4 protein chains.
Amino acid sequence: MKPKDQNKVEAIYRAMLGLVRQRGLAGITMQQVAREAKMATGTLYIYFKNKEALVVALTDKCVRHVASNLFRNYNADAPFKTGFATIWMNIVRHRIEFFNESLFIEQSFHSPFVSNETKLALKKSFDPLLLLLQRGKDEKIIKDVDSFWMLAFIIGGINEIARRVNYFNRKASQQVLETNFQLCWDGIKAA
Amino acid sequence: MKPKDQNKVEAIYRAMLGLVRQRGLAGITMQQVAREAKMATGTLYIYFKNKEALVVALTDKCVRHVASNLFRNYNADAPFKTGFATIWMNIVRHRIEFFNESLFIEQSFHSPFVSNETKLALKKSFDPLLLLLQRGKDEKIIKDVDSFWMLAFIIGGINEIARRVNYFNRKASQQVLETNFQLCWDGIKAA
Amino acid sequence: MKPKDQNKVEAIYRAMLGLVRQRGLAGITMQQVAREAKMATGTLYIYFKNKEALVVALTDKCVRHVASNLFRNYNADAPFKTGFATIWMNIVRHRIEFFNESLFIEQSFHSPFVSNETKLALKKSFDPLLLLLQRGKDEKIIKDVDSFWMLAFIIGGINEIARRVNYFNRKASQQVLETNFQLCWDGIKAA
Amino acid sequence: MKPKDQNKVEAIYRAMLGLVRQRGLAGITMQQVAREAKMATGTLYIYFKNKEALVVALTDKCVRHVASNLFRNYNADAPFKTGFATIWMNIVRHRIEFFNESLFIEQSFHSPFVSNETKLALKKSFDPLLLLLQRGKDEKIIKDVDSFWMLAFIIGGINEIARRVNYFNRKASQQVLETNFQLCWDGIKAA
DNA sequence: AATGAATGAGTTTTCATTCAT
DNA sequence: TATGAATGAAAACTCATTCAT
């Protein structure tokens, strides 16, 4: 009586994420995943019906992971800048630490597998930030710019930091992050 | 690779770029490319030795395309802000219009095909911008922030604009671009 | 410009039929079929979407083949016994000569692939015989037995002849067939 | 094969027989058998060395089952017709009731597992009937037709009755059986 | 003995590449 | 050159069998 092993699922996920970075999502073979996760190919199919199911499940997990981290320690009652800085730091740290997950999400969103539902879920996880931006605009703290584009500005900068940390093997010290936050903040703050 | 018929080559490139967006680079088959380019599979191999050669050639082309557009109309002798705005607009317009090319570059950089040389070439195409940023810092017009991270800030915002235009089917009017430029400018300009 | 090759389809069918006899339907691998048909495995998939499609197509073909042979040379206006003998001989000869097809039909009917439609088509191909039996009963030439069971009696005997010819490697001479027909005829004819 | 628990063995046999009808012998997986027999896959291997051993054992059992039923209540000293009718009824009833076993025998005979010995055993189980037919011929009660073909005629009709009862879900009443016997009898009886 | 997850060889299917036309 | 059927190596997936519990 051997129960299904949650560690195996984790190992499979870890293997996928590691490989995506090297080969790109569709360049990955199930054999590679199995080898990387130290199990037989057949075992993958005990845990996932097929490759598509694996991709879908991992995408969902990554999307939920993002959502669960975005607003950690965020207090909606704190002053605007405090709240915004908290979220900004959350996102940038998540993106850096779990860069492979972001990469995986991006790639899987370009595969024919992932549902619009999942795509929407990712988008909706940013809603509280949109709410906060609205409040900032109401309080005249930040510029009165369409939140869609302001979010682009904020997220874009963050993404690129994470990308560079990972691709150019740079360390993002607290100092660096604060400097970068300053650029972002000066960009959005009301004149 | 005997480009007797340059139209065919273009058709193949166009097919690749269109498909990458839908399926991701590695999800593409040569048959799909051929069908999309309205020719027989065998014909692809008249123009390109194999799939790798096709990916490499297209990557090179896209990288050269970026480089050739970045500094269009840029006058190194103009005032800093004028020059910077010119470049910023060049990049954002290129990224929006040729979004599929950017996507392709990103994906092909994750494939085992593309050489470091090509990757470096892309990086180097931004050198004049780095030069300009240095001048801006020297002239105390912009903040004294490591150009590596300042570039991240600038490019990140631009990337995200292009992404949103394409994924959310938004129109980026001159108005929108100027507003976004303002955010960026306020971010980098010296206090 | 090489057109799809009908000979290939025939070769595949022939290979399948030959193999079914040795291994049973589900014991056949696509590789075996390909080897037997003297082509590469991949080629099978040019002609048939997958194994199931191949089985279905061949089943249909065999069923249509039976139907097309049952009533060859049959003249509905001839005396009952003449007509009946014609059909009886048609069936027995078809079953003997194309024994592998019968075998294939039987096995594929036990697979999860084949539609009820196909099964019905086979059943319906016997309708003219049922009609003839009815006439024979009306004319008091044959016994007044439910045609369903009378058909069982007729067909059962024929099947077993074909089986024995093939399994025991016996020759079914005209003489033998006539003797066997006599058994059948004496069975059904009115007292 | 340690038949500690005969119930398990029976359950496995029952599962096999049920599945063969639906999927065909070679379409059956050990997992399906296990599920159907309400036990774990591993358990099958406690009772049978491997799949082949299971098929062989069940085939033997089915063949022995036929043999044991053919001549039940048969009295070699009774008049010919009485004896023949007894056997005919035995066979038809066995074939109808244990149709899945007949099916299984037929399919397993087409697999590479079953030995010629087993095939011969089945054939030999009909010997007493052949003997009886010879007596009938000697006594001029039945036609002087090669017993090989006369048996084909007799068995063929029986097989088809069983097939139709099972495939068309028809009930074979005593009445129906007697009618069918009459067809057979009229076929073989001397002119 | 019983279980069912794990294994990996074997099968089905795909796809880059070749080749006859 | 252009075609697309043919090829066969490689990928996805299955399943008989084993093994730790």
Side-chain angles (χ1 to χ4, degrees), chain A residues 1-5 7-8 26-35 37-54, chain B residues 2-5 8 26-35 37-55, chain C residues 1-9 26-35 37-54, chain D residues 2-5 8 26-35 37-55:
Chain A
M1 259 179 287
K2 203 186 289 175
K4 283 199 194 182
D5 185 351
N7 292 332
K8 286 244 158 52
I28 294 175
T29 72
M30 293 301 261
Q31 222 173 78
Q32 287 169 340
V33 176
R35 194 180 316 122
K38 293 184 196 312
M39 61 185 72
T41 0
T43 309
L44 294 176
Y45 290 85
I46 294 171
Y47 292 90
F48 299 95
K49 191 182 171 312
N50 53 32
K51 197 178 183 181
E52 171 165 351
L54 169 50
Chain B
K2 294 184 179 63
K4 274 285 164 70
D5 186 349
K8 286 240 160 52
I28 294 175
T29 71
M30 292 300 263
Q31 253 183 36
Q32 286 170 335
V33 175
R35 195 179 319 121
K38 293 181 197 310
M39 61 186 73
T41 352
T43 310
L44 293 177
Y45 288 83
I46 293 168
Y47 292 89
F48 298 94
K49 187 179 173 305
N50 53 32
K51 197 180 186 181
E52 170 165 352
L54 168 52
V55 170
Chain C
M1 260 180 286
K2 204 186 289 174
K4 283 199 195 181
D5 184 351
Q6 184 58 27
N7 291 333
K8 286 244 158 53
V9 173
I28 295 175
T29 71
M30 293 300 262
Q31 224 173 79
Q32 287 169 339
V33 176
R35 194 178 318 121
K38 293 185 197 308
M39 60 186 73
T41 358
T43 309
L44 295 176
Y45 290 85
I46 293 171
Y47 292 90
F48 299 95
K49 190 183 173 309
N50 52 33
K51 197 178 183 180
E52 171 165 352
L54 168 51
Chain D
K2 293 183 179 62
K4 274 286 164 70
D5 185 348
K8 286 242 160 53
I28 294 176
T29 72
M30 292 300 263
Q31 252 183 38
Q32 286 171 336
V33 176
R35 195 179 317 120
K38 292 182 198 308
M39 60 187 73
T41 352
T43 310
L44 293 177
Y45 288 83
I46 293 168
Y47 292 89
F48 298 94
K49 187 179 173 304
N50 52 33
K51 197 180 185 179
E52 171 165 352
L54 168 51
V55 170

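Each chain gets a letter, A, B and so on, in the order the sequences are listed, and its residues count up from 1. Model, not experiment: these values are computed from the prediction.
- Looking at which nucleotide of DNA chain F each of G42(B) and M39(C) is closest to, the 5′-most match is held by G42(B).
- Distance CZ (F48(D)) to P (dA2(E)): 13 Å, rounded to an integer number of Å.
- Out of dA6(E), dG8(E), dA12(F), the shortest distance to the side chain of K51(A) is found at dA12(F).
- Within a 6.0 Å radius of CD in Q31(A), other residues, nucleotides and ligands contribute 12 heavy atoms or fewer.
- In terms of position on DNA chain E, the residue among E52(B) and Q31(D) whose nearest nucleotide sits closer to the 5' end is Q31(D).
- Among the atoms of the strands shown, none is found under 4.0 Å from any heavy atom of L54(A).
- Contact between L44(D) and M39(D) at its shortest, heavy atoms only, is CD2-SD, 4.1 Å.
- Taking all atoms of both residues into account, the shortest heavy-atom contact from V9(C) to F48(C) is CG1-CZ, 4.1 Å.
- Among the protein residues, T41(D) comes within range of the nucleic acid bases, having at least one heavy atom under 4.0 Å from a base atom.
- Close to dA2(E), at under 4.0 Å from its OP1 or OP2, lies a side-chain N or O of Y47(D).
- As judged by a 4.0 angstrom heavy-atom cut-off over every strand, K8(B) is placed among residues touching the sugar-phosphate backbone only.
- I28(D) pairs with exactly one of V33(D), V55(D), L54(D) by the side chain to side chain contact (heavy atoms under 4.5 Å, CB included) rule, that one being V33(D).
- The distance from atom CG of D5(A) to atom C1' of dT7(E) is 15 Å, rounded to the nearest whole Å.
- Contact annotation: Y45(C) does not reach the phosphate of dT14(E) (side-chain N/O to OP1 or OP2, under 4.0 Å).
- Within the nucleic acid shown, T43(D) comes within 4.0 Å of at least one base atom, counting heavy atoms only.
- In this entry dC15(F) has dG8(E) as its Watson-Crick or G-U wobble partner, both defining distances falling under 3.5 Å.
- The separation between K49(A) atom NZ and dA12(F) atom P is 15 Å, rounded to whole Å.
- Rounded to an integer number of Å, the gap from L44(A) CG to dA5(E) C1' is 13 Å.
- Shown here for G27(B) and A26(A), the closest heavy-atom pair between the two residues is N-CB, 3.4 Å.
- Closest contact between the side chain of T29(B) and the listed nucleotides dC15(E), dA2(F), dA12(F) involves dC15(E).
- N50(A) has its CG atom 14 Å from the C1' atom of dT13(E), to the nearest Å.
- As a whole-Å value, the separation of R35(A) CZ from dT7(E) C1' is 15 Å.
- Taking both residues in full, the closest heavy atoms of Y47(D) and D5(D) are given as OH-CB, 3.2 Å, listed atom of the first, atom of the second, then distance.
- Rounded to an integer number of Å, the gap from I28(B) CD1 to dA16(E) P is 10 Å.
- In this structure, dT21(E) forms a base pair with dA2(F), meeting either the Watson-Crick or the G-U wobble geometry with both donor-acceptor distances under 3.5 Å.
- Residue whose closest nucleotide on DNA chain F sits further toward the 5' end, between M30(A) and K38(C): K38(C).
- For the pair I46(A) CD1 and dC15(F) P, the interatomic distance rounds to 14 Å; values are reported in whole Å.
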